[in-house]
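The structure appears right after this line, and notes come after that.
Chain letters run A, B, ... following the sequence lines, proteins first and then strands; every chain starts at 1.
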Number of protein chains: 2
Amino acid sequence: MTADPKAGRPSLAQVAALSGVSVKTASRALGGEPRVAADTRSRVREAADQLGYRLNGVARELRRGASTSTLVGLLIGDLANPFYSRLAGGLERELRMRGLQLITASTDEDPEWERRLADALLERRVRGLVIASTATEHAHFAAEHRHGIPFVFVDRPPVDLAADTVLLDNRHGARLAGAHLGTLGHRRIGVVGDLSRLSTHRDRLDGFAEAMRAAGVENWADYLVENAHDVVAAERAVRDLLDRTPAPTALFTMNNRITLGALRALRGHPAPPALVGFDEVDLGDILGVSVVAHDPEDMGRQAARLLLDRIDGHRGPARQVVIPTRLLARGSGERPPTSAGTQAS
Amino acid sequence: MTADPKAGRPSLAQVAALSGVSVKTASRALGGEPRVAADTRSRVREAADQLGYRLNGVARELRRGASTSTLVGLLIGDLANPFYSRLAGGLERELRMRGLQLITASTDEDPEWERRLADALLERRVRGLVIASTATEHAHFAAEHRHGIPFVFVDRPPVDLAADTVLLDNRHGARLAGAHLGTLGHRRIGVVGDLSRLSTHRDRLDGFAEAMRAAGVENWADYLVENAHDVVAAERAVRDLLDRTPAPTALFTMNNRITLGALRALRGHPAPPALVGFDEVDLGDILGVSVVAHDPEDMGRQAARLLLDRIDGHRGPARQVVIPTRLLARGSGERPPTSAGTQAS
DNA sequence: ATGAAAGCGCTAACAT
DNA sequence: ATGTTAGCGCTTTCAT
């Protein structure tokens, strides 16, 4: 009656045999093609239902050629980071309007795993690939890219590969943060950053350094801590900074996770230092956290636009879109230097 | 010299031709099989590099049969919801230890889109499917399930399908919340819930109702608002509740997004009502938000365990794992009824 | 150590 | 309206 679990999934040939037609007719009937008699079609459908038949998309794609896939891949560092998940959301909605389906995988900031994920998706002939890469070179994508598979790099630019890119204006945002704190008179600013190899980190650091130079702050790097990759590490880094003598009067936390760690470290602090974070944080408006904000959803939308253009056959040189960053003053970043107890120097 | 973009990707046959060996030898050389002469191997590798060859995983899978896929699919309502992304994280880490790769797609709580995503993944013969389903019946998965594809339902149980399941103890958690507020003397409790068709919503509502009955609160449903699916809708719903006369003295927000909406609505409120939310919220500890907490990562891990068992050939009947829920009192839920201005009745 | 032939399940092209 | 043939790119026999 119904299928044997061990027998594996039924093929079109079995459906055809059961309904007494040829394989091609069965294919036509199930595929909704026009030239099929109504009763033939229903007979084939019944047979398929009875066998629990499902089209083998692998075989179909092999036969039809890759360009029929409706799947677009997205590789990001961490699903649980709201920056990435909002980016994914923007991308997904835009693709869906074109009937494309987004599948997302997490690299956990491991270049080797990233590569294996990219291989798995490319081997399955996804229609395109959007990637927030944690790797430091992308030459191995060159052949694939040349063969016409659209790549879009988001958040972090490609290295040794001329591909479409959507980036934040990291440098500008960090400069705003530095200038803001500098203008308020802060001279000892604890700066906590993510993995130092990431281009986003370096760009933000450059922007901040510019602002420090402009404000005439020497040796600002004395209060710099890098490679605080998760909330726990960030919290520890901030505690360590606050324990120094003299203590910093302000903090610049260079991404959303680090800001969360800082907020934990500052919890219950009698005279908390000023705080400006990069990236929005959930409830940041309610908590009054000043941040360098931007629009991750828009980043996703722009990436989708670039990708869809390529899918539609656009052949031009690689394009780059820059998403603006702006400072939102909500209170935490406006605390003056005196609020930090140990006002030495 | 290098490949023509229009020519499509090179096949193994082209690599073989260029290196002057048979297709099978090329396959062996590239696949790392033992019986190949060292210089043959390197010649084939060079030819592959030169052509920009990449294995066609579609063809490989067709030939080898589906059981070689390393991809596991996850379907969730919304990537940006931290509950789902943490669940995905737990699942992902567990699968990765077995060399399996997780790909996640978002249904946006649309049953039709969910079905299309499931079709796309099943047709490509993923190794297994984990699904937080928004659909109200799953009979269409029956054949696939019988043919041995492992399904695990998370957060929401399958309907008309006997498949492995991992659920929260929603009823218990909501009962705790209701009892907690009831014990403090609250009698008018604004209850805000998500889509009423979701089983999680119904179970939580049942649990809360039990607690209300036990506390002798009649007509608690007068302050019930359902179908507040996003933060904006939740904020509006809470504002409306607070505008009623008499106003509720407490709130039970039935998921994380609704809790966020409530926190926005309560911002700057002179005498905020007590608040207990279901699900953890980011910074909830710092803000002092009382919640019914649970462990989404563990939910992912348990789902992985069930899935891996099936992949390893386990044949038993469908199993169900229940993840415990507990109340975390952090301040917002412990405010007494009097704190709400309009103490009428 | 290498090669030839067959075939996975499907669809495009060409009959009828 | 339906059937026949061939072949997508790979791996699995089974030779040599």
Side-chain angles (χ1 to χ4, degrees), chain A residues 3 7-45 47-48 51-69 119-120 122-125 143-144 147, chain B residues 3 7-45 47-48 51-70 119-120 122-125 144 147:
Chain A
R9 305 195 242 200
S11 73
L12 193 53
Q14 293 173 49
V15 175
L18 183 59
S19 43
V21 298
S22 78
V23 187
K24 180 62 218 185
T25 301
S27 168
R28 275 195 271 253
L30 261 27
E33 286 178 56
R35 270 47 201 348
V36 185
D39 75 312
T40 307
R41 193 184 295 272
S42 61
R43 233 173 350 139
V44 172
R45 284 206 175 124
L51 291 170
Y53 169 78
R54 179 183 295 270
L55 175 97
N56 186 333
V58 174
R60 161 182 278 181
E61 247 178 65
L62 177 58
R63 178 63 246 227
R64 297 223 274 214
S67 58
T68 60
S69 168
D119 281 351
L122 289 170
E123 282 174 3
R124 262 153 254 268
R125 304 306 204 239
E144 207 76 35
H147 291 310
Chain B
R9 304 195 243 201
S11 72
L12 192 54
Q14 293 173 48
V15 175
L18 183 60
S19 45
V21 297
S22 77
V23 184
K24 179 60 222 185
T25 302
S27 167
R28 275 195 271 253
L30 263 26
E33 286 178 56
R35 269 56 202 339
V36 186
D39 76 311
T40 308
R41 194 183 296 271
S42 59
R43 230 171 353 134
V44 172
R45 283 203 177 128
L51 292 170
Y53 170 77
R54 180 183 295 270
L55 175 96
N56 186 332
V58 173
R60 161 182 278 182
E61 244 176 70
L62 176 57
R63 178 64 247 227
R64 298 224 273 215
S67 57
T68 60
S69 168
T70 58
D119 281 350
L122 290 170
E123 282 175 2
R124 280 173 185 76
R125 305 305 205 237
E144 207 76 34
H147 291 310

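For B:Gln14 and D:dC8, the CD to C1' distance is 13 Å, given to the nearest whole Å. Residue B:Tyr53 contributes atom OH, which lies 8 Å from atom C1' of D:dG9 at whole-angstrom precision. Between A:Arg63 atom CZ and D:dA6 atom P the separation is 13 Å, expressed in whole Å. Distance, B:Leu12 CG to D:dC8 C1': 13 Å, rounded to whole Å. Regarding B:Asn56, its CG atom lies at a distance of 9 Å from the P atom of D:dT11, rounded to whole Å. Nucleotide D:dG9 holds its P atom 12 Å from the CG atom of B:Leu62, rounded to whole Å. If you measure from atom CG of B:Leu30 to atom P of C:dT2, you get 14 Å, rounded to the nearest angstrom. The CZ atom of B:Arg60 sits 9 Å away from the P atom of D:dC10 (whole-angstrom rounding).
Side-chain N/O atoms of B:Ser27 include one lying less than 4.0 angstrom from OP1 or OP2 on D:dT11. Listed pair A:Thr25 / D:dT2 fails the phosphate criterion, with no side-chain N or O lying under 4.0 Å from OP1 or OP2. Dashed line: the shortest gap from a side-chain N or O of A:Thr40 to OP1 or OP2 of D:dT2 is under 4.0 Å. Phosphate contact (OP1/OP2 of D:dA1, side-chain N/O of A:Arg35, threshold under 4.0 Å): present.
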- Message: Before you tell me yes or no, could you show the steps for A:Leu30 and A:Leu55 under side-chain contact (heavy atoms from CB on, under 4.5 Å), namely the whole-Å CA-CA distance, both residues' side-chain angles and the distance that decides it to 0.1 Å?
- Response: CA-CA 9 Å; A:Leu30 261 27; A:Leu55 175 97; over 6 Å; no
- Carefully, step by step, assess A:Arg41 and A:Glu33 under the rule side-chain contact (heavy atoms from CB on, under 4.5 Å). CA-CA 10 Å; A:Arg41 193 184 295 272; A:Glu33 286 178 56; 5.7 Å; no
- Are B:Asn56 and A:Leu62 close enough, and set up right, to give a side-chain contact (heavy atoms from CB on, under 4.5 Å), and what steps lead you there? CA-CA 9 Å; B:Asn56 186 332; A:Leu62 177 58; 4.2 Å; yes
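Mapped onto DNA chain D by nearest heavy atom, B:Val58 and B:Glu33 fall at different nucleotides, with B:Val58 at the one closer to the 5' end. Sequence order on DNA chain C of the closest nucleotides to B:Ala26 and A:Val23 puts B:Ala26 first from the 5' end. Between B:Ala59 and B:Val21, the residue anchored nearer the 5' end of DNA chain C, judged by the nucleotide with its closest heavy atom, is B:Val21.
Taking the side chain of A:Val36 as heavy atoms from C-beta on, and the options D:dC10, D:dT2, C:dC10, the nearest nucleotide is D:dT2. When the nucleotides C:dT11, D:dT2, C:dG3 are ranked by their closest atom to the side chain of B:Ser22, C:dG3 comes out on top. Checking C:dA4, D:dT11, D:dT4 against every side-chain atom of A:Lys24, the shortest atom distance belongs to D:dT4.
A donor-acceptor contact under 3.5 Å is formed by the side chain of A:Arg28 with the base of D:dG3.
Between B:Glu123 and A:Val58 the shortest side-chain heavy-atom distance does not fall below 4.5 Å. Between B:Ser69 and A:Arg124 there is a side-chain heavy-atom pair separated by less than 4.5 Å.
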